[in-house]
Amino acid sequence: MSLFKRKTKLSEHTGVERFNLKFLIGGTGFIVLLLIAIFARQLAPRDPIAKFAESQAPSLGKNHLYLKNLSSEPVNIDELRIKIWYRGYKDEANEIILFRNAALQPGEQYNQTFKIRDIGNNGSINVKLTTIAGSDINLAYRFNCRIEDTGNNDGLLSSDLKMESFKNILFIKSGNSACEDYLPRHVFFGDYQGCKIVDHLRGHYILGTDSFERDIISRLIYATQPTILVALCAMIVSLLIGVPIGFLSGYFGGTTDKLLMRVSDTISAFPRFFLIISIVALWGQNILLITIAIGITGWMEPARFINVKVKTLIEQDYILSAVSTGRIWWRIMYHDLLPNILPHILVLAAYGASSAILLESTLSYINFGVREPLPSWGNMLANAFGTGAGSTGLERLWQVLFPGLAISIAVLMFNFLGDGVQKSIGNEDE
Amino acid sequence: MTDNIVKIRGLNKTFIRKTLITRHVEYIYAARNVNLDIPRDSFYGLVGETGSGKTTLGKLILRLIEPDSGSIIFDGIDVTRLSQREIRRIRPMFQVIFQNPQSALNPKQRVKQLIGNPIRFQKKLDSKSVEKEVFRLLDEVQLSAEMAEYFPHQLSGGQIQRVEIARALGLKPKLLVADEPVTSLDASIRGHILNLLLQLKKNREFTVLFIGHDLHIMEKMCDILSVMYKGEIVESGSVKQIFNAPTHKYTKKLVSMRYISD
Amino acid sequence: MSELLRIEDFSFSYRHRNTTISILKKLDILIFPGEVVGLVGESGSGKSTLAKAILRIPDFKYEVSYKGSIYLNGNDLMQLNDTQLDRIRGNEISIIFQDPLSYLNPMFTIHRQIKEVLKHHEIANGIVADEMIRRCLLNVSFNYPDRIMRSYPFELSGGMRQRIMICMAMITRPKLLIADEVTSSLDALIEKEILDNINRLCSDYGTSVLLISHNLPTILKYANRIAIIYFGHIVEIVHVNNAQKGARHPYTKALFSCALAKVKDGVFPFIEGSIPKPHDVIVGCPFHLRNCPRAIDACRTTLPEMESYDEGSFRCHNPYPVEG
Ligand SMILES: Nc1ncnc2c1ncn2[C@@H]1O[C@H](COP(=O)(O)OP(=O)(O)OP(=O)(O)O)[C@@H](O)[C@H]1O
Ligand SMILES: Nc1ncnc2c1ncn2[C@@H]1O[C@H](COP(=O)(O)OP(=O)(O)OP(=O)(O)O)[C@@H](O)[C@H]1O
Ligand code: SF4
Ligand SMILES: [Mg+2]
Ligand SMILES: [Mg+2]
């Protein structure tokens, strides 16, 4: 007959005794964000970097190929073939050779209709156009449409101009689309060049395209990657620095404490943003450095918090009794202090991550963080005001709306997570 | 009795406290020129009013806080001169039971860890024999074996105090400082703990420094008694001597109180 | 003599995770004017809960429910709304808690805080109030009331703060004073001083006192009648002269023998086991689980009813017989 009720396993380690609503919402949000970041490739309907024209995928069934020579010289094409790739495997059997040994005069256009057989998948198909292209044409970032060099060197596409000219002459158009040439940026606003909205929707541009004709939804999805990466890593970096400093200064007190806390006060006196920008300006601008910059400018707050927490805890008799058993200091920290502080560290982590997200977005907004053309919520915001942005307020708003929402939701989720853990610690203390 | 396990000479400790708003500096003399001899294997009582520095003296002997001046000779070794490393080695020899059961046990550890960890770290035993030792100790303090899995918040005040005792005894101390082990417990459980202490004292060989302010209990538990008043030891002697012929005014008041409430 | 406070069939419970946990169970207590009633019991038996429940001081974070009634001079406190109750709190019924610091505002002087009470209940103002405060502080044995009035709570020691609380509680000349463990953190000498103060003031003003403590010698010294509470039940109410010898209930007997620390054969008396937790469901008399020496079969199945005899009442199937 046990009169006592056991606590659940989770609660023993995290101190989260009762799942409250905030914790639940925050936790779910965090997991969803994490999953989106991990599976961004699979979730995003198309390449976040590819412009509209580049990413038009050939669809099953009938497709049109327009080839137009926009240069001033005649163009000889040895061979142009379409290779079908299915989930990374070349589908040799379905290769389509469009033509061999053709010549295109300046201004001449070649039209070809071809069919892609149903190969029994409902995923996307990669089509590679094979030309007799010369040197490397780096279009690897293209999603659905790739150009492969067959290795034949005496083709016409052999100089630096190639890619340009190739782009100019090559235009594959979706078989389902009734539109001519380029399509509009913003799906939901107006109809452009006679295209109906419905048509574009069918072309998977759920949220339309941005000012560079890139798919907004794909960019949103891909942008979770740098966001989560920066948020988590920066948070870990700041905790890795802050927690030990807080522990040591709180535990040993005296000169160690004064020194470390002075240092932290001094650093805290500078605006964090200024510090980050200085670091980025000094050592360059990549995602790793940004993460580290955000991390090493964020350790002061956890350090101070842990410092105070440790100081109050070591006043407790149970720590004194651990001392009186002759336990060495690092063991006391690990065995006796850490389990009591762990829930507070979780709270700090959640709040730290949320502020890291905000900082990363701000940095990207001023083009100091994740840089174009790689997507990030911050630089997506900036795009709305850049050159080539939509002319009307509504168009700009449309571009601001989704990244803005995404930032707010992510920050909110982390704050909820922090609040939730905080609240359940409160319950436990009671 | 010349064999003293603890010999304290001229011990001083002053706390300096600054009030929040007025920045007025206040000196609290928690120990003022304390001289104390605790004979080996005795049950030594320390009484005094609230804030007279009893707990502070206990902590000083354990060197959980540093004294301002004076010497504490424990079993022939001057504890105040030892470095942190050396003091750690002899720490298991003096153990303490704290005043407040709520803060005395780490809330994140199970009873078996609370009792077992000090043994494991100190004696470097394997976990099997530690476990056996834990069960033996639980039995010794009359707790059931299933309690080993409990967290402190699942225990009552008396049970917590018994776990404390088990934890302290696990290291086989020579000196046990019991800082008001029963003051915050109610009468019905108090007897348990006191009996347990008396019984353990009979079976094992160690010295107990028993801090308290309830004279009823002190009279029955202790052999020798010291009275502390405002950081000073104002009187010490055998229990009989103090009860029959108190000299200091505080002691007199205390002893007269005892007869009123009887 | 008509009673001052009548607690009738009073129950208190709270809801936690969809279970109702009852802490006080069907209490009946009478308090007569000018009388000191001691309430004793082990830690966790519900003493503080009763003290707070009388004035409906919300302390629980959970949804709480009160059942039964508490009559003060014939009108039911449980029927009053908050504003009406506010006139009673601190005016007709005052309460002093165990930890005085958390009930004194650290930002204000003692003078201001006591005056606040007088103003709130529209008793006095201005110089009259100051004079009242001065006299009251003298009454709780402060020799220099003016210095105390100017100081802030944190400048005072624990015992002094407790006396300030008494002054605050008594300045309105309440009809009932509830003193919840006012001296448990203090030593014997200060305890005596404070309780003497309370005692003197109450007999001057004709105030009844509900004196809560787990220190039995104190209760024996100051109370007229003693109510013993166990696991949310009042198990016995007994007159103080009768308490040590003539107690009928086994738990009372056991408690008293422990509290006085009379060593028999080198062994301190104690009660085996510990008080059940509030969420435990217990059939029968809750004391039979702790090896009640007089337990009979009925104790395991049915909870005994309150029985009265001419010197008190108790709740037991097999009480000790009346002596003599
Ligand atoms: N760390 C500290 N900093 C400042 N003052 C302290 C500190 N520890 C204790 N004191 C003060 O020293 C005095 C003696 O305290 P101590 O705890 O030793 O008293 P005690 O005799 O154990 O009292 P009690 O009976 O209440 O336990 C008190 O006035 C206390 O406020
Ligand atoms: N705020 C609260 N929330 C939940 N349970 C509570 C709360 N306050 C008290 N309890 C429970 O109610 C029961 C009675 O508590 P109460 O404080 O009235 O006991 P007590 O007799 O005053 O004990 P003590 O002598 O320790 O003061 C206890 O078991 C306690 O766990
Ligand atoms: S009812 Fe029975 S068990 Fe309860 S106190 Fe009386 S005799 Fe003991
Ligand atoms: Mg103390
Ligand atoms: Mg209480």
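Residue-environment remark: NZ (Lys201(B)) exceeds the threshold of 12 foreign heavy atoms within 6.0 Å. Within 6.0 Å of CZ on Arg136(B) lie more than 12 heavy atoms contributed by other residues, nucleotides or ligands.
Each of Ile189(B), Leu196(B), Asn195(B) was scored for a side-chain contact (heavy atoms from CB on, under 4.5 Å) with Phe270(C), with one residue passing: Asn195(B).
Heavy atoms closer than 4.5 Å to chain C are found in both the backbone and the side chain of Leu194(B).
Looking at every heavy atom in both residues, His192(B) comes nearest to Glu272(C) through NE2-CA, 3.9 Å.
Every residue two or more places apart in sequence or in another chain that forms a salt bridge (charged side-chain N to carboxylate O under 4.0 Å, His left out) with Asp146(C) is listed here: Arg134(C).
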